[in-house]
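To start, the structure under review is shown below, and the notes come after it.
We use all heavy atoms of the structure for the numbers below, so side chains are in, but hydrogens, waters and symmetry mates are not. Both ligands and their constituent atoms are indexed starting at 1 by order of listing.
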Amino acid sequence: MPRESKAAGANRPLKPSNKAARPAKGARTRPDSRSSERVTSILETLAKTYPNAVCALRHRNAFELTIATILSAQTTDVGVNKVTPELFRMYSTPRKLAEAPLPELERIIRTTGFYRAKAKNIQGAARVLQESFGGKVPQTIEELMKLPGVARKTANVVLGSWYGIAAGIVVDTHVGRLSRRLDLTRESDPVKVERDLEKVIPMDHWIQLSHELIHHGRQICIARKPRCAECPLEPLCNAADKTWSSH
Ligand code: SF4
C-alpha cells in the first residue's frame, strides 16, 4: 500500500514524503472540509483544469471497455493500450474471445502482468457475456459483477464511461489518494471512500469527477511527491504531505 494511503486513511498527520517536502500548516482535518461550498470549489476547479477528461483506456464499445478495464488491474492504462489493439483485432466479440485458445490470450496480454489470471478472467467474462447476456454488456452493477474479474470499480468504469450511467464513483488508487489528501474521506477501503464521496458529491458530477481526479493524480497530485506548487487546488488543500503551501 502506498505510504500516504495508509497514513491518510487513519487521518493522521503525515511525515513528509522526502526531505524536501514540508507539511502544510493546519494539516489536521477541518470541520468544514466536506462542506458543499468547498466541494463546489473543488469540482469547479477540476472541471476548469480538465475540461475534456475521459477514460484513458482505448475502446470502441462496451465489450472492449469491459475487457480493457479487467486488464488494467495492477498496471497502467498505457500498458493495456499496448496489448488491446492485437487482442481486439483477433477477438472482436464475446463469442470469439470465449472460444480463443488460452495460451494465445496469455501471449497477447503477457506484458500487463498477472497474465494467467487475467487471461482466464477475460475469457470467463466473455463466456458469461455470451451465455447469460446474449453477447451484450449489461447495464447494472449487479449484473456486471457476475463477470469474472469485474468488481465494483470496473463496473462503475463501464457504466459511467460507456453508458453514461452514474451508478457510483470509480475509486481507483488516484481517486482514493486524492480524496484523502483533499480531506473528503478518511477511509482507505475503496468501497468506503466511494460511499463518503457519494454523500457530498452531486450525482451529476460522479462520472466526470473520477476522470478529473485520475488525470490530476497522474499529472500533478502524484503519489510520492505531489507537485503542489503547480496545483490549482492548492489553496483548498491542507494535505499533510504537501510539498509546497501558500497558507
Ligand atoms: S496541493 Fe498538493 S497534495 Fe493537495 S491536491 Fe494539489 S498536488 Fe495534491
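- Cys231 SG, 2.3 Å is the protein heavy atom nearest to atom 6 (Fe) of ligand 1.
- A salt bridge is absent between Glu194 and Lys199; no separation between the charged side-chain nitrogens and carboxylate oxygens falls under 4.0 Å.
- Between His215 and Tyr50, the two ring planes are tilted [angle within 30° to 60°].
- Side-chain contact annotation: Glu44 with Ser41, donor-acceptor N/O pair under 3.5 Å absent.
- A salt bridge between Glu64 and Arg60 is present, with a side-chain N of the basic residue lying under 4.0 Å from a carboxylate O of the acidic one.
- Minimum interatomic distance between Thr45 and Thr49 (heavy atoms only, all atoms of both residues): O-OG1, 2.6 Å.
- Under 2.8 Å from atom 6 (Fe) of ligand 1 lies no N/O/S atom of Cys228, from backbone or side chain alike.
- For atom 8 (Fe) of ligand 1, the set of nearby N, O or S atoms under 2.8 Å includes none belonging to Cys237.
- In summary, the atoms of ligand 1 found under 4.0 Å from a heavy atom of Arg181, numbered by their order in the structure, are 3 (S).
- A salt bridge does not link Lys153 with Asp172: none of the charged nitrogens is closer than 4.0 Å to a carboxylate oxygen.
- Atom numbering of ligand 1 starts at 1 in the shown order; those under 4.0 Å from a heavy atom of Glu234 are 1 (S).
- Numbered from 1 in the order shown, with element, the atoms of ligand 1 that lie under 4.0 Å from a heavy atom of Pro226 read 2 (Fe), 7 (S).
- Every atom of ligand 1 is numbered from 1 in the order shown, and the set under 4.0 Å from a heavy atom of Cys221 is 3 (S), 5 (S), 7 (S), 8 (Fe).
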